[in-house]
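Each remark here refers to the structure printed beneath this line.
Atoms within each ligand, like the ligands themselves, are counted from 1 in listed order.
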Amino acid sequence: MQSNVALKLDPAARLHVGIIMDGNGRWATRRGLSRLRGHEAGVEAIRRVVEAAPDQGVGTLTLYAFSSDNWRRPKAEVTALMGLLRFYLANEVAALVRNGVRLTVIGRRDRLPDGIASAITRAEAATSSGTTLHLRIAIDYSARDAILNAAARAGAVGQLSRESFADLITGEAGLRDVDLIIRTSGEKRLSDFLLWEGAYAELHFTDRMWPEFDGDALADALAAFHRRERRFGGLTAIAPAEVPNL
Ligand code: FPP
């Protein structure tokens, strides 16, 4: 049995939750607000969930903020989303450091507007010693592209295994597979999110719009998750702490 201190220091010993934060636009439109206001409310939901996650046994939280297909949205909305991201990186880092959150960003950086890639690098460096929560934000992200890029680089790696290939996909060693993927707003699809890492993820779909999501909603999703029996193809249930990276 690991001590609480050891669990706190090792995010891989705690759950990895991925969230497809959907419904900002509908939430806003139904209230007669602009879609941008919906995305702003979405940032407030991010704050609530990042604060609540560590106390609920979550060590890694991956949030889908902007997919590589989201470039197809109207230019004004893309610009607004990039503006929010810029604002988040500039204003949130101090709170992340204070709360022991390590931030990393996954996805392409070469298509982001000027200054964002360097702001990401600075935020990652400033938060690198956080152990309470590993927060991963997916921006210009496509799981299929991540797998494709890993395949292109795999030739340079000697003997490939599922683990070493996973490291190429995620860009880090030994990241825990995703235990639970939550999607808000009633949509029921994965939309190119964590396709490799989520091979055995439990899926939780809620009708709640992302701006309405909070620590209680996360607790509901986790309670449903803990009622599931995870067998990973075998016949006996496996406890979260013993989950292997398959
Ligand atoms: C989906 O809702 C949401 C997005 C495409 C963007 C998610 C972005 C945020 C939560 C805020 C920005 C993030 C950061 C990290 C600063 P939608 O717009 O597709 O909603 P709809 O389906 O109701 O139209």
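- The protein heavy-atom contact nearest to atom 7 (C) of ligand 1 is A65 O, 3.4 Å.
- The aromatic rings of F193 and Y64 lie parallel to each other, with less than 30° between the two planes, well short of the 60° mark.
- The contact set between ligand 1 and L85, taken as ligand atoms under 4.0 Å from a residue heavy atom, comprises 16 (C).
- In this structure, G23 has a heavy atom closer than 4.0 Å to ligand 1.
- For Y64, no nitrogen or oxygen atom sits less than 3.5 Å from a nitrogen or oxygen atom of ligand 1, counting backbone and side chain alike.
- Comparing G83, S191, G25, A45 against atom 20 (O) of ligand 1, the shortest heavy-atom distance belongs to G25.
- The single protein non-hydrogen atom nearest to atom 24 (O) of ligand 1 is R35 NH1, 3.0 Å, given as residue, atom name and distance.
- In terms of modelled atom types and a separation under 3.5 Å, the side chain of E212 and the main chain of M209 share a donor-acceptor contact.
- Scanning all heavy atoms of the two residues, the minimum distance from G38 to P211 falls at O-CG, 3.8 Å.
- The N/O atoms of W210, backbone and side chain alike, include none that comes under 3.5 Å of an N/O atom in ligand 1.
- Where the criterion is an N or O separation shorter than 3.5 Å, residue side chain and backbone included, N24 meets it with respect to ligand 1.
- Annotation for R31: atom CZ counts as buried by contact number, over 12 foreign heavy atoms lying within 6.0 Å.
- Between V178 and T62, the closest side-chain pair of non-hydrogen atoms is not below 4.5 Å.
- Remark: minimum distance from atom 1 (C) of ligand 1 to any protein heavy atom is reached at M21 O, 3.1 Å.
- In the displayed structure, E51 atom CD is contacted under 6.0 Å by at most 12 heavy atoms of other residues, nucleotides or ligands.
- Between N70 and V78 there is no side-chain heavy-atom pair separated by less than 4.5 Å.
- The nearest protein atom to atom 22 (O) of ligand 1, hydrogens excluded, is given as R26 NH2, 3.0 Å; this is a heavy-atom distance.
- Proximity to Y88 (heavy-atom distance under 4.0 Å) selects the following atoms of ligand 1: 16 (C).
- Results of the side-chain contact (heavy atoms from CB on, under 4.5 Å) test with L61 over L15, L133, V101 single out L133 as the only residue that passes.
- Considering backbone and side-chain atoms together, L84 places no N or O closer than 3.5 Å to any N or O of ligand 1.
- Looking at L89, I46, L36, it is I46 that brings a heavy atom closest to atom 13 (C) of ligand 1.
- Using a 4.5 Å heavy-atom cutoff, the side chains of D179 and R230 are in contact.
- The distance from atom CZ of R208 to atom CG of D220, rounded to the nearest 0.5 Å, is 6.5 Å.
- Of the N or O atoms in D22, one or more lie within a sub-3.5 Å distance of an N or O in ligand 1.
- Residue M209 places no heavy atom under 4.0 Å from ligand 1.
- Expressed to the nearest 0.5 Å, how far CD1 of I46 lies from NE2 of H39 amounts to 11.0 Å.
- Atom 5 (C) of ligand 1 has its nearest heavy-atom neighbour, among N70, I20, L63, I19, in N70.
- A heavy-atom separation below 4.0 Å is found between R73 and ligand 1.
- When each of R102, R136, R109 is paired with E124, the salt bridge (charged side-chain N to carboxylate O under 4.0 Å, His left out) condition holds for R109 and for no other.
- Among protein heavy atoms, atom 12 (C) of ligand 1 sits closest to V43 CG2, 4.0 Å.
- For ligand 1, the atoms closer than 4.0 angstrom to any heavy atom of H39 are 11 (C), 18 (O).
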